[in-house]
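A short worksheet on the structure shown next.
No hydrogens, no waters, no symmetry mates; every other heavy atom, side chains included, goes into these values.
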Amino acid sequence: MVYGYDAMLPMELTVMSSRRLYQSKLSTDDYFDKMVIDSLDLDEERLSALDHLEAQKRRIERAYNKRVKPKSFTIGDMVWKAILSIGHKDKRLGKWSPNWEGLFIMTAKLTGGAYNLENIDGEEHDRAINAQFLKKYVPSCWENIDRRLFGADEE
């Protein structure tokens, strides 16, 4: 309870207990040796507690990393970018405002999973964006049908 030692009750100070009797019979050298051994044991306990803590953190890290799906893109991929800040969402649409904007093209891969983007018109995006805020663009079969139905191919 108190640095690895049992607490001494005030009653043990007035009445000579067996523990106090044993302690008073020790010479100063023996008492010093006993205290040094106890402090070494305490260091070993602290090191074992630290090892246990590190092992526990590794287990938690493995459990977390099982669910993480790393994203990687190549230069030239088309992606959507997440709309992050609150000020950019359309307040008129409320919760139905879009969560993704784009299409953007990857221009460069930076360290730490960040990418430089440019839009379809060739304008460079002002900041690099982390891969967790990007989603790969997959063209759907409906885009071709919409173009044929609404006459986008006639232009």
Side-chain angles (χ1 to χ4, degrees), residues 1-13 19 23 31-155:
M1 189 165 112
V2 183
Y3 302 107
Y5 295 102
D6 294 328
M8 188 172 281
L9 299 172
M11 185 174 184
E12 286 183 286
L13 297 174
R19 181 171 54 162
Q23 187 176 351
Y31 184 75
F32 180 75
D33 292 340
K34 185 177 180 338
M35 295 304 282
V36 168
I37 291 170
D38 286 348
S39 69
L40 292 175
D41 290 343
L42 187 61
D43 288 340
E44 289 176 11
E45 289 177 20
R46 286 180 180 160
L47 288 174
S48 68
L50 181 64
D51 290 341
H52 179 71
L53 184 68
E54 288 174 350
Q56 193 174 21
K57 284 185 178 185
R58 282 192 300 271
R59 282 194 302 270
I60 291 170
E61 181 184 10
R62 273 196 311 265
Y64 175 78
N65 287 338
K66 282 182 188 176
R67 295 184 193 105
V68 174
K69 295 178 182 173
K71 293 183 181 181
S72 65
F73 302 98
T74 58
I75 295 175
D77 282 351
M78 296 178 78
V79 295
W80 297 97
K81 180 180 77 85
I83 300 174
L84 298 176
S85 58
I86 296 169
H88 287 86
K89 290 197 173 195
D90 192 357
K91 293 182 192 262
R92 291 173 293 162
L93 298 175
K95 68 179 184 179
W96 289 284
S97 62
N99 295 325
W100 299 93
E101 67 181 352
L103 287 170
F104 293 97
I105 300 171
M106 296 282 173
T107 57
K109 182 176 182 178
L110 306 174
T111 58
Y115 293 92
N116 281 337
L117 304 176
E118 70 178 25
N119 63 9
I120 300 297
D121 299 331
E123 297 174 22
E124 191 77 22
H125 197 267
D126 54 347
R127 290 184 292 185
I129 298 184
N130 196 305
Q132 70 183 8
F133 301 115
L134 300 172
K135 180 168 68 170
K136 193 165 200 159
Y137 170 73
V138 180
S140 70
C141 63
W142 294 105
E143 290 179 14
N144 295 332
I145 293 172
D146 288 343
R147 287 186 183 133
R148 278 186 258 140
L149 289 176
F150 297 111
D153 287 335
E154 296 174 5
E155 293 177 20

Got [X] and [Y] here, is their nearest side-chain heavy-atom distance under 4.5 Å?
X      : Y      : answer
Leu117 : Met106 : yes
Glu124 : Thr107 : yes
Arg46  : Leu50  : no

(message) Between Lys71 and Leu134 (side chain of the first, backbone of the second, donor and acceptor by atom type, cut-off under 3.5 Å), is there such a pair?
(response)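 Yes, Lys71 side chain to Leu134 backbone: donor-acceptor pair under 3.5 Å.
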- Look at the side chain of Asp121 and the backbone N and O of Glu123, then say whether any donor-acceptor pair between them is shorter than 3.5 Å.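 No; judged by distance alone, with no hydrogens or angles, the pair does not exist.
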How many angstroms lie between [atom1] in [X] and [atom2] in [Y], if you round to the nearest 0.5 Å?
X      : Y      : atom1 : atom2 : result
Tyr115 : Ile105 : OH    : CD1   : 15.5 Å
Glu101 : Leu103 : CD    : CG    : 11.0 Å
Ile129 : Asn116 : CD1   : CG    : 9.0 Å

Self-check item: Leu110 to Ala128 - nearest heavy-atom pair and separation
Solution: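 Closest heavy-atom pair between Leu110 and Ala128: CD1-CB, 3.5 Å.
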Do other residues, nucleotides or ligands put more than 12 heavy atoms under 6.0 Å from Lys109 NZ?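 Result for NZ/Lys109: open.
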Applying the ring-ring contact (aromatic ring centres under 6.0 Å, His included) criterion to Trp80, which one of Trp100, Tyr137, Phe73, Phe133 satisfies it?
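The ring-ring contact (aromatic ring centres under 6.0 Å, His included) with Trp80 is passed solely by Tyr137 among Trp100, Tyr137, Phe73, Phe133.
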